[in-house]
Amino acid sequence: MKAFAIDAYKAPLKLRELPEPVARAGEVIVSIEAASVNPIDVKVASGAFKAILPYDMPLVLGHDLAGIVTAVGPGVSHAKVGDAVIACAGGDGIGTFAERIAIAETDIAKKPSNLDMTEAASLPLVALTAWQVLVERAQIKPGQRILIHAGSGGVGTVAIQLAKHLGAYVATTVSTSNVELARSLGADVIIDYLMESFDHIMTDYDVVLHTLDDKVLERSLRVLKPGGKLISISGPPDPAFAKAIGANWIVRQILKLTSAGIRRKARQQGIDYSFLFMRSDGGQLAEIARLAEAGIIRPVIDQVFAFEDAPAALDRSASGRARGKIVVRGHGSALRPEA
Ligand SMILES: NC(=O)c1ccc[n+]([C@@H]2O[C@H](COP(=O)([O-])OP(=O)(O)OC[C@H]3O[C@@H](n4cnc5c(N)ncnc54)[C@H](OP(=O)(O)O)[C@@H]3O)[C@@H](O)[C@H]2O)c1
């Protein structure tokens with residue numbers, strides 16, 4: 001089958017012919033119709049995560065997919081051939097910039113029936129991230145105040161909608177050209193970061209979802225009240241994360257040191273700092289699919305690239321300017337246009 005893979009970290013992404021995937025126990029084969037791009041794909045390719053997420057080469061990039069189940073392995077209990085599904089490939093099985101993938105049945109969910117393959121593929125990784133931050137970690141309650149940074153990004157566009165659904169009062173940071181987008185997603189307070197400093201305006205927030213750099217992370221402490229939660233998905237990883245991934249002693253010490261400053265400053269203000277790294281979860285994805293079917297979460301698509309232009313799609317993600325999600329589609333030898 002055709003797949004976009006790298007031979008080594010920092011090597012160019014190349015279209016290659018790779019062996020067909022085989023479904024092991026508990027896995028299904030999905031014929032991929034669309035895959036969305038995430039900043040993690042660029043980071044994985046650069047080797048940024050090699051100490052904590054070692055991958056074998058050649059490595060097929062891409063986490064998110066929408067497609068059709070074409071075969072089921074032994075012990076698969078619910079999925080059937082012909083099911084339209086979405087998934088975020090987990091574990092060491094990443095590789096959705098490919099015609100087909102073998103993926104655990106526990107990672108997939110039915111595709112929302114009201115979304116096409118492009119829209120459906122845009123959701124899994126960012127929506128699971130938003131779910132795990134807002135529902136699991138922050139345990140958002142109606143009326144709580146949350147600041148979501150980069151409301152126009154892949155995570156931000158979904159997190160705003162999910163936080164509103166959970167009854168939160170939602171503030172977000174965007175640039176001037178994305179103010180209307182943030183409004184249309186339901187944000188209550190929109191800070192144009194080119195014109196205003198969020199930390200000069202906002203106080204007494206319960207939660208900040210941090211997606212940006214270390215400077216914004218530190219400034220975010222100022223908007224939280226004592227007892228508030230600063231949840232970062234863009235680093236620095238903390239000791240709890242190191243423990244959760246079973247990191248070795250050296251990696252644990254490095255992560256302890258690199259997060260020491262923000263953990264100390266947060267502690268001094270009575271704020272809980274934590275880093276979250278999302279995981280695949282078909283059960284949560286099914287909940288998200290239901291919200292999409294109910295029109296509560298609407299995908300925001302930045303740009304759609306043909307499968308053969310996957311490297312350009314990655315470059316677009318690396319620009320850091322995507323407005324919503326970048327999707328690659330037309331996988332498969334037919335390289336078919338949008339269904
Ligand atoms: N830990 C995890 O499990 C996890 C999961 C998902 C994502 N992440 C990380 O979270 C980060 C965000 O992911 P993403 O998918 O949302 O990224 P993305 O879609 O690439 O984000 C791009 C958006 O960020 C906005 N932006 C850039 N600088 C900004 C600033 N200073 N203030 C406000 N908005 C700004 C851009 O808007 P303008 O062009 O208008 O500036 C653009 O719309 C990435 O670092 C990603 O690797 C981590």
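Atoms within a ligand are numbered from 1 in the order they appear, just like the ligands themselves. In this text the structure is predicted, and so the values were computed from the model without any measurement.
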Is the shortest side-chain N to carboxylate O distance from [X] to [Y] below 4.0 Å?
{"X": "Arg183", "Y": "Glu180", "answer": "yes"}
{"X": "Glu136", "Y": "Arg279", "answer": "yes"}
{"X": "Asp188", "Y": "Lys164", "answer": "yes"}
{"X": "Lys229", "Y": "Asp206", "answer": "no"}

Atoms of ligand 1 close to [X] [distance to a heavy atom under 4.0 angstrom, numbered from 1]:
{"X": "Met278", "value": "2 (C), 3 (O)"}
{"X": "Ala322", "value": "22 (C), 23 (C), 42 (C), 43 (O)"}
{"X": "Ala150", "value": "24 (O), 25 (C), 33 (C), 34 (N), 35 (C)"}
{"X": "Ser175", "value": "38 (P), 40 (O)"}
{"X": "Leu276", "value": "1 (N), 2 (C), 3 (O)"}
{"X": "Leu212", "value": "28 (N), 29 (C), 30 (C), 31 (N), 32 (N), 33 (C), 35 (C)"}
{"X": "Val155", "value": "6 (C), 7 (C), 13 (O), 14 (P), 15 (O), 16 (O)"}

Non-hydrogen atom of [X] closer than 4.0 Å to ligand 1:
{"X": "Leu125", "value": "yes"}
{"X": "His149", "value": "no"}
{"X": "Thr173", "value": "yes"}

Are Phe4 and Phe307 close enough that their ring centers fall under 6.0 Å?
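Centroid distance Phe4-Phe307: below 6.0 Å, so yes.
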For atom 36 (C) of ligand 1, what's the nearest protein heavy atom and its distance?
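Heavy-atom neighbour on the protein nearest atom 36 (C) of ligand 1: Gly320 O, 3.5 Å.
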Does CE in Met195 sit with more than 12 non-hydrogen atoms of other residues, nucleotides or ligands closer than 6.0 Å?
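12 or below, so no.
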Should the proximity of Ile233 to ligand 1, defined as any heavy atom under 4.0 Å, be assigned to the side chain, the backbone, both, or neither?
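It is both backbone and side chain that touch ligand 1.
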Heavy-atom pairs closer than 4.0 Å: do any link ligand 1 to the side chain of Thr129, the backbone, both, or neither?
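The answer is the side chain of Thr129.
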Any N/O of Arg323 closer than 3.5 Å to an N/O of ligand 1?
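In this structure, Arg323 places no N or O atom under 3.5 Å from an N or O of ligand 1.
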Does any N or O of ligand 1 fall below 3.5 Å from an N or O anywhere on Phe277, backbone included?
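In fact, backbone or side chain, Phe277 has no N or O that close.
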Would you tell me whether Thr211 and His149 have side-chain atoms, one donor and one acceptor, within less than 3.5 Å of each other?
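Checked: Thr211/His149 side chains show no N/O donor-acceptor pair below 3.5 Å.
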Within the 3.5 Å criterion, strictly below it, is a donor on Arg137 or Ser274 matched to an acceptor on the partner's side chain?
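Present: a donor and an acceptor within the cut-off.
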Test applied, side chain to side chain donor-acceptor pair (under 3.5 Å); reference residue, His63; option that passes from Thr96, Asp41, Asn38:
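It is Asp41; the other options fail the test.
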